Every structure is written in structure tokens, then in C-alpha cells.
Amino acid sequence: MDIKKIVDIISEDVPRRKSPIHRIVISFIIRDLKVWWTYKFWLILDIAGMILFVVTYYLFSLITTSQQIQEAGYMVGGYFTFALIGIAFQQYVHFAVQSINESIRDEQWNGTMETILSTATDFKIFLLGEVCFSFIVSSALLLMSLFVGLMLGAKVYATPASILSVIVLTILLIASHMDIGILSTGVIMKIKQGNPVTWAFSWLSQLVSGVFYPLKLLPWYLEWIGRIFPLTYSLDGIRLCLQSGKDLTSPEILNNVINLLIFIAIATPISIYVFKKGYDSARRDGSLGQY
Amino acid sequence: MKIENLIALFKEDKPRISSNIIHVWAVFWANFKIFLSYKTWVITETISTVASIAMYSFMGLQVDARRIILAGYGEVSWLSFALIGVATANYLWMCISRLSHSLQHEIREGTLEQIIASLIDMKSYIIGQSLRGFIVSGYFMLGVMIIGVAVLNVPLVINLSTVFSFIIIILLMVLSYAGISIMASGLVLVYKKGDPLTFLFASVTEFLGGVLFPLKYLESYPALWTMAWLMPYTYALDASRRILLNGATLFSSEILKNVAILIIYAIVFIPIGLKVFRWGINRIRYEGTVATY
């Protein structure tokens, strides 16, 4: 064997053609789909769990009154529609907050983090690819839970204007919660265990953002804390659109949109800064791939 | 050093004979120490528990009190009705998922092989892990009850006989599900993936057991109604509510009926669970997949 030839071949500088971003992202989606498909029983359980959750709140709604819901300005559908919207749109909260750090934790856990980072794939594209599949799954579960709810008698205003407004509010919901997800990923990359940011955020927003009850039922101090959370404005806006037929032209919805934009404007630079700090620090001490 | 002496020492056939009680204690204590080292987890779970009770208390403000009478426990508040449901459902979920969760950890961390290769009898392992589960879940259940009674002024009938009766019902409830828990663990050993069985049981239990709403509302759905009364949890929850809301005791006729049903479930399911578990252990030994993940 001519060793010189081998050395020449290895030394050859053949620049890798850059794959277009969409192809990389699609590869990630296909990879995650394949992994997901191997857990068919879990897939059935995810769907069954979601249906059971919606049906539980349907049965719970049978012992509730609609008075507080109507007083809060949500005119049709009563408690069940109110709770259904809370349950369904929480899918996106979970997706936005958890998807990035869960993906990174999985790669660390399976010992594949360093392998991925040593490929030509850019870290930002890697993160984008990792969250895309979670987004598709969350959207499917959201639509399914809304469908089950509608089958059980939930009532919503479905006009083009109200649906368009819901889409805008949903985008803002995802963007605002993505900031929390990015921030907590930065923390996780450094401390490696637990997830204090996500944890505190999840239970506090469940308690004070009006997922299962109108904010007016809370004592003033909790209601005040609730106004810090983006979920409060997103859910209020979405409910006003779907339960009262309002749209982006109404002042209440605009107020919610402005509050969400303010949150995003403040939280985005902070979360990117924390993420960068955590990422750089983990790279510096060589612990990015460690669990 | 005389090498012959060393060889003789290694050759010495001195089997370690320790009783099963010591094995159970060793497994329990090792895992309990791990639990104690997770201080952040304990703190965060405790705060989450408090938050969830606060959440239920706000949900209760929307309930029409007249509709709760349908549950058959007299004029009780929804919060007291739900508090017992949530506390027992969480306890059950934590207890029955404990064993399969710890086995998953052993598999992931690569320590299952050492456990199987050791002299510890798997029955002792199961009991030790379950004991740890009872105590840790008991801490959270007690927390729920204390916050309910002391902070939210939930009117529960608390005296020596009701507390004793409630503890017995909880023990029977766990025993009636122990078979399913052991069965799920056997499946985890073989399939190495999660424990869908306990997850499924937890979701169905919470839904059909009537944790948040009176079961009376399921009467119009005969299939669901029948399924609800096929689950041991429904009997355990009914007995717990009769004890803590109405002051019934273990010797009240309606409680005795529930006790008998729970015992039957325990007698039927525990041997089946042990059989599945033994099958799981034998299969991974035979296939040589004890250490694989």
C-alpha cells in the first residue's frame, strides 16, 4: 500500500458543500419521527392521556357554574370551554419551555451531544432542528384536544377575524415562552441538574395565569403576580377571541398583544445572554456533553 | 506475605447469610439515603404540592355546592371532597410507579447487573423499594392533608379511629395495586422503555375514580360507570371519603364491604405481578440483556 497516497488523500482539502438549512431541519424532523415511531405505545398513551384530561374537565364542568366565567368577560361556552382553551394551549407552553432543554438533556444523557457538535451542523440550526418536531407534536395534540372538546360540547366563535387573532396570539405565546426555554437551557448547561427555572415558571404560571380559573378569583397579590406571566395575556386574549368573538381590533386584545410584545422585548436579550453564558462556560470547562 | 495463605483466604467458602429483613432494610436505607440527598427535589416537590392545593382551592370557588351532594357524602365542600381524592391519587401514583422508576434508573446507570448478581433476593429488593415509596409518598400525602386542614380549614373528621381506619384503607389500596406495580416493573426489565402500564393506570384511575367530580355523573355512560367500579381505587377512595368526611370507621358496614373488595384485589393481583416479574428477570438473564439499555 502506498502510504504517501493515503496521506495525500487525507490531506486533501475538500470543502463540504453546505447543506441548505431546510434540508438539515427536515433531517432532524425525520430522525425524531423515526425515534418517536418506535415508541408507538407511548404515542397511544400520550393521546389517551390528553383525551382523558379533557374528559375529566368536561365532567368537572358539570358541577361548576358559569357565573365567574361570564363575569370575567368570556361570554359563551361556560367553564368547559374556558378550561379546554387553558388545557389545549398549555401544549404550546410545554413545547416552548421544555423542548430545547429536553433535547439537550437527551443528547447529553445518550452521549451524542459532542458527536453532533463536532459535525458541520451549526449549533443554532441544531437547536432549530431539535424543536421543530416537538412543535409538530404539540400542534397535533392541541388540535386533537380542541377537537375532543368540541365533540363534547365546547362552544367557540370561529370567525376568520377571531381565528386570525388567535393565530397571532399563539405566535406571541410561543415566542414569549421560548425565551423562558432558552434561559433555562442556559442554566441547565451550566448546572447540569434539575431545572429550577422551568420548574418555578411552570408551577407559578399554572397557579396564577388563569389556566383553570379566571384571574379575578385570585387574591389581589396573586392576581398581581399573574400579570408578570405571558401566559396570562395569551390565554386572556385567546379566550376573548374564541369565547367572546373579539379580534385584534378590540382594545382588550390589543392590550394583551402589547403586553406580550413588551415581555418579549425585555426577555429575549436576557435569555440569549444567559444562554450564551451557559454555553460558553460549558464549552470552556469541556462539560457540554456531560450529564 | 505468604501467597498460599492469600489463595486459601480467597478459596474459603463462606457464604454471606443474612436474613431477608436485613436485605429489605439495606435496599430501603440505600434508596432512602439517595432520596435525602435530593434536597432540591424535595423542596421543589413540596412547593409544587402546596401550589397544586392552592390551585384546587381556587377551582373550588367555581363549583356549585348543591351538585356535590350528589356524591352521597352529605353537605360537604368540594375542596374537602377533592382534597381526599387528590391526596390518595397522588399517593397511589407515587407508590405504584416507584418500583418501575427505580428499576429504570438501575438499568440506565448500569447497576442492575450488580444487584441481580448480588445475594439480595429480588423479593427483598421489591419490598425495600416499595417501603421507600410508601414513606416518601406518605410525606407528600401528609403535607396535602395538613395544608388542607390547617391552612385552608377543610373540615375533615380527624380522630384516633378515623385516622387508624384511613391508614388501613391506604395500605389496602396500595396492596391492591402492588401486583400492577410489580407487573409493570417486570415489563420494564424486558422492554427497557418507560413504564406505560403505571402511567396508563394512573391516568385512568384519576379519571374514573372520581377524584374531582362525583361518580354519579358517570352513570349516564354505562361503560365508564362499570369500568370505574372495576377499579380498586374507586373503593379505596369511597372508603377514605366516608371515613374522613362522614366519620365512618373500619367497622362500619359500608367500609367493610370496600375493605373486602380491596383484599380480594390484592390476593388476585400480587401473585400475577410476581409471576410477570419473575418471567422478566429470567428472560433478561436468558437473553443476556441485564446490562443493556
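Computed from a predicted structure; not experimentally measured. In what follows, chains are A, B, ... by sequence order, proteins preceding strands, each numbered from 1.
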query: Of all of B:L212, B:V63, B:V211, B:L208, which one pairs up most often with chain A through heavy atoms under 4.5 Å apart?
result: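 Looking at each of B:L212, B:V63, B:V211, B:L208 in turn, B:V63 comes out on top.
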
Name the region of [X], side chain, backbone, both or neither, that has any atom closer than 4.5 Å to a heavy atom of chain B.
X	value
A:V55	both
A:Y57	side chain
A:L204	neither
A:I44	neither
A:Q206	both

task: May I ask you to decide if A:F212's main-chain N or O and B:Q62's side chain share a donor-acceptor pair within less than 3.5 Å?
output: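 It does hold such a pair.
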
query: Just by modelled atom types, is the B:F140 backbone N or O under 3.5 Å from a matching donor or acceptor in the B:Y91 side chain?
result: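 Side chain of B:Y91 to backbone of B:F140, a donor-acceptor pair under 3.5 Å: no, none is there.
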
field: Side chain / backbone / both / neither for B:I68 at chain A, heavy atoms under 4.5 Å
entry: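 Just the side chain, heavy atoms under 4.5 Å.
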
task: Heavy-atom distances under 4.5 Å only: say whether B:V204 touches chain A with side chain, backbone, both or neither.
output: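 Both parts, backbone and side chain.
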
Pairs of heavy atoms under 4.5 Å with chain B: top-ranked of A:I63, A:I69, A:L52: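 The option with the most such pairs is A:I63.
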
- request: Return the option, out of A:F60, A:W203, A:F53, with the maximum number of heavy-atom pairs under 4.5 Å with chain B.
  value: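 Going by pairs under 4.5 Å, I would pick A:F60.
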
query: Can you name the residues that form a side-chain hydrogen bond (donor to acceptor under 3.5 Å, both in side chains) with A:S134, not counting sequence neighbours?
result: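 Per chain and number, A:S134 pairs via side-chain hydrogen bond (donor to acceptor under 3.5 Å, both in side chains) with no residue.
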
message: Between A:Y79 and A:T65, does the side chain to side chain donor-acceptor pair (under 3.5 Å) criterion hold? Intermediate values first, please.
response: CA-CA 7 Å; A:Y79 181 76; A:T65 59; over 6 Å; no

CH2 (B:W229) with more than 12 external heavy atoms under 6.0 Å: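 Buried by this count: over 12 neighbours within 6.0 Å.
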
task: May I ask you to check whether over 12 heavy atoms, not counting those of B:E75, lie within 6.0 Å of atom CD?
output: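 Count not over threshold, so no.
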
field: Centroid-centroid under 6.0 Å between B:F269 and B:Y177 rings
entry: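 Centroid separation for B:F269 and B:Y177: 6.0 Å or greater.
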
